[in-house]
Amino acid sequence: MTTTQRKPYEFMVKYQQQKDWIDGRGNFIAFAFFLGGIAGGLFLASAYFDNLLGIFVAFLLTGLMGVSYMFHLTHPMRFWRMVVRPGTSWISRGFTFIMLFGFFTVITMTLMQWAPDATAAITTFKVLAGIFAFAQSIYTGFAVSYVSAIKVWNTAIVPVLFVTCGLTGGLAILLAIMMGQDSSQIVTLENIIRVVLIALAVIIGVYLWNTTYSSSSARDAVKRLIGGSLAPLFWIGVFLFGIVVPVVISLATIGSHDPAAGLMITAVISEIIGGLALRFAILKAGMYQPLLPAD
Amino acid sequence: MRWGMAIELKRCIGCNACVLACKAEHFVPPDIFWNRVLIGEKGKYPNVSKLIYTVRCNQCADPKCVKVCPTGATQQREDGIVWIDDTKCVGCRYCMVACPYQMRSMYEDPDKNYFPGQELTEHEKIGKTLYPHTPGVVQKCVFCKERIDSGMAQGLVPGVDRDASPACVIVCPTKAIHFGDLDDPNSEINRIIKEKHGHPFHPEFDTQPSINFID
């Protein structure tokens, strides 16, 4: 198996790395998936804690996701065409979710800011926006897992993994926002983060374990992730930054009512790096099975 | 009507004439191949056999690329040919990622020519006007739909008459590639597939390819 420049005669005769969604412009779709995930997670967390600033940041991150998408496209001015095939295309569905999330979030923020007494309306639009925040977060996983040719992606765990990872990133950003606001709900938020972080670690473990048994190309992809060319990205980016550092800081601050701000910010940044590394690691791990020999 | 191919692997000598004919027919840009000849091997010494497969877009009856395309740029005609509307493609590359056969390419660099540092060849110059490719758009084999359409308009029969058949079919020196209507039970291609036990390439991908291979 090789990950270096492919020779023409090696085309689909050897394991072939997926490059369209990771090299060059493909980097931007990895960013878009990451931003969509944390924006969705941040909205859900902010809506739960009634944090208007968090909702606003989630809206901004969704805008950034859109920008990242535009950089990915070779004909970005035709982006409006991406709504026409929601029946079969996950990209089209995702684009629809993003727009609806943006629409309902703007209404929610407007009501929360200028009509705070309209609780019924706020709750209604918050729930609607929340549904599309979740959809925006999970669709990226479905877009990836739909690709049946890439066995390391083609598993039902990928959407769960992406949405959980988005939620951890979103919760981490909300923690940073709440620290600036001197909120009394930080302890509750920290407890939620601990649970979600452990859940993320378990899901990553189950994903790798389960994928190992799906096919030879998936097994090779997992080997590349844990012991091959992608091992630094996986162990340093995903495992160390995404799980170990936040979990250690999180456990170290149990019972502390006033943990050091520097420590908390380190955990937040570490978690965000981990989330980004996870998207890159999984997209980079995508391998196509050779067409030859054909039985 | 559903156009399809039957490829006799024992007849294919791996000469790449089909690849060159396709390049010439569609003025396919450098580094892009609408069809390829895959050469592999099977077994272990001393029982080794060489595998030669001429491959192109399978024009699947249930194509993943059509399903994943968010804009409807990748479409399927009534005769089963899958093609890309250049004016609708946004270049998201989802179709490229989703194609299990990896038969799609992105045309990115319009300034790239076959002989870097030199002028365009006459063939390349003609291609720029006769068959212009849109940069930033995905492209692939379309079973020479232009030849089929113009041939049929003249009353010719694809797979029988040269001017109505795909370039790779008519150029094959060993007549390894057969072309015809898969929906016609009396067609020559169906007879060949039935008699010689044709089978699709990697049926496990579950896309119902229109190209059958005969061992």
Contact class of [X] relative to chain A, heavy atoms under 4.5 angstrom:
{"X": "B:Leu38", "value": "both"}
{"X": "B:Thr207", "value": "neither"}
{"X": "B:Val55", "value": "neither"}

Worksheet item: Pick from B:Ser49, B:Gly91, B:Gly40: which one has the most heavy-atom pairs with chain A under 4.5 Å?
Response: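 Sorted descending by pairs with chain A, the first entry is B:Gly91.
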
Donor-acceptor contact below 3.5 Å, side chain [X] vs main chain [Y]:
{"X": "A:His75", "Y": "B:Cys89", "value": "no"}
{"X": "A:Tyr288", "Y": "B:Tyr101", "value": "no"}
{"X": "B:Tyr94", "Y": "A:Ala143", "value": "yes"}
{"X": "A:Arg81", "Y": "B:Gly72", "value": "no"}
{"X": "A:Arg85", "Y": "B:Ala73", "value": "no"}
{"X": "A:Trp90", "Y": "B:Pro70", "value": "no"}

Around [X], counting heavy atoms of other residues, nucleotides and ligands shown, do more than 12 lie under 6.0 Å from its [atom1]?
{"X": "B:Lys194", "atom1": "NZ", "value": "no"}
{"X": "A:Phe71", "atom1": "CZ", "value": "no"}
{"X": "B:Lys125", "atom1": "NZ", "value": "yes"}
{"X": "A:Phe280", "atom1": "CZ", "value": "yes"}
{"X": "B:Glu146", "atom1": "CD", "value": "yes"}
{"X": "B:Tyr114", "atom1": "OH", "value": "yes"}

Side chain / backbone / both / neither for [X] at chain B, heavy atoms under 4.5 Å:
{"X": "A:Pro86", "answer": "neither"}
{"X": "A:Val84", "answer": "both"}
{"X": "A:Trp80", "answer": "neither"}
{"X": "A:Tyr69", "answer": "neither"}

[X] to [Y] - nearest heavy-atom pair and separation:
{"X": "A:Phe79", "Y": "B:Val90", "result": "N-CG1, 4.2 Å"}
{"X": "A:Asp20", "Y": "B:Val97", "result": "CB-CG2, 3.8 Å"}
{"X": "A:Val147", "Y": "B:Ala98", "result": "CG1-CA, 4.1 Å"}
{"X": "B:Gln102", "Y": "A:Phe11", "result": "O-CZ, 3.0 Å"}
{"X": "B:Met103", "Y": "A:Leu291", "result": "CE-CD1, 4.2 Å"}

Find the distance between [atom1] ([X]) and [atom2] ([Y]) and round it off to the nearest 0.5 Å.
{"X": "A:Ser92", "Y": "B:Lys67", "atom1": "OG", "atom2": "NZ", "value": "15.0 Å"}
{"X": "B:His202", "Y": "A:Leu292", "atom1": "NE2", "atom2": "CG", "value": "6.5 Å"}
{"X": "B:Arg93", "Y": "A:Arg25", "atom1": "CZ", "atom2": "CZ", "value": "7.5 Å"}

Item to complete: Let me see the working for B:Met106 and A:Thr74 under side chain to side chain contact (heavy atoms under 4.5 Å, CB included), right down to the final yes or no.
Response: CA-CA 10 Å; B:Met106 170 64 79; A:Thr74 47; 4.0 Å; yes

